[in-house]
Amino acid sequence: MPAPRSHVLQRVLGCLRDHPHDDTVERVAKRLGSTPADVVEAALVALEAEQLASRAGEHWSLTRAGWIAAREADPFAGLD
């Protein structure tokens, strides 16, 4: 059973799931509103360490495992 993720990690994971084109630290932080860019960056690095996200330069994307984890966290996201 995977370890539970922090609220920030869940929000960053969900943001990349719901808005995959907003894929930089700054864009994710802007979407999340009150979450500072350095916190978003740390969350992305943590997701990368879990192999749930990957980066190319300044751009981040979910890995296959990341998409699965994001859907498991909120299976009805994007269905409205």
Side-chain angles (χ1 to χ4, degrees):
M1 181 160 106
R5 289 182 189 85
S6 75
H7 181 68
V8 172
L9 290 180
Q10 293 278 14
R11 291 187 68 214
V12 171
L13 192 66
C15 186
L16 284 176
R17 176 199 60 219
D18 295 344
H19 307 283
H21 297 293
D22 289 333
D23 61 354
T24 64
V25 170
E26 293 77 19
R27 287 181 177 176
V28 172
K30 185 175 179 180
R31 280 225 171 255
L32 295 181
S34 63
T35 307
D38 61 332
V39 173
V40 168
E41 185 171 18
L44 287 166
V45 169
L47 291 171
E48 182 180 39
E50 291 185 48
Q51 298 180 342
L52 299 177
S54 63
R55 66 177 134 181
E58 294 182 16
H59 298 274
W60 290 85
S61 62
L62 294 178
T63 62
R64 181 174 172 82
W67 281 103
I68 292 168
R71 287 188 183 120
E72 287 174 351
D74 189 357
F76 300 108
L79 296 180
D80 35 351

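Counting begins at 1 with the first residue of the sequence.
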Sequence neighbours excluded, the answer for side-chain contact (heavy atoms from CB on, under 4.5 Å) partners of T63 is S54, A65
Determine the minimum heavy-atom distance between G66 and L13, stating which atoms define it. O-CD1, 4.0 Å
Shortest non-hydrogen contact from W60 toward V25: NE1-CG2, 4.0 Å
Donor-acceptor contacts, no H, no angles, side chain residues 33-48, under 3.5 Å, sequence neighbours left out:
residue: T35; atom: OG1; partner: R11; partner atom: NH1; Å: 3.2
residue: E48; atom: OE1; partner: R55; partner atom: NE; Å: 3.3
residue: E48; atom: OE1; partner: R55; partner atom: NH2; Å: 2.9
residue: E48; atom: OE2; partner: R55; partner atom: NE; Å: 3.4

All pairs passing salt bridge (charged side-chain N to carboxylate O under 4.0 Å, His left out) where residues 22-33 contributes a residue, at least two apart: D22-R31
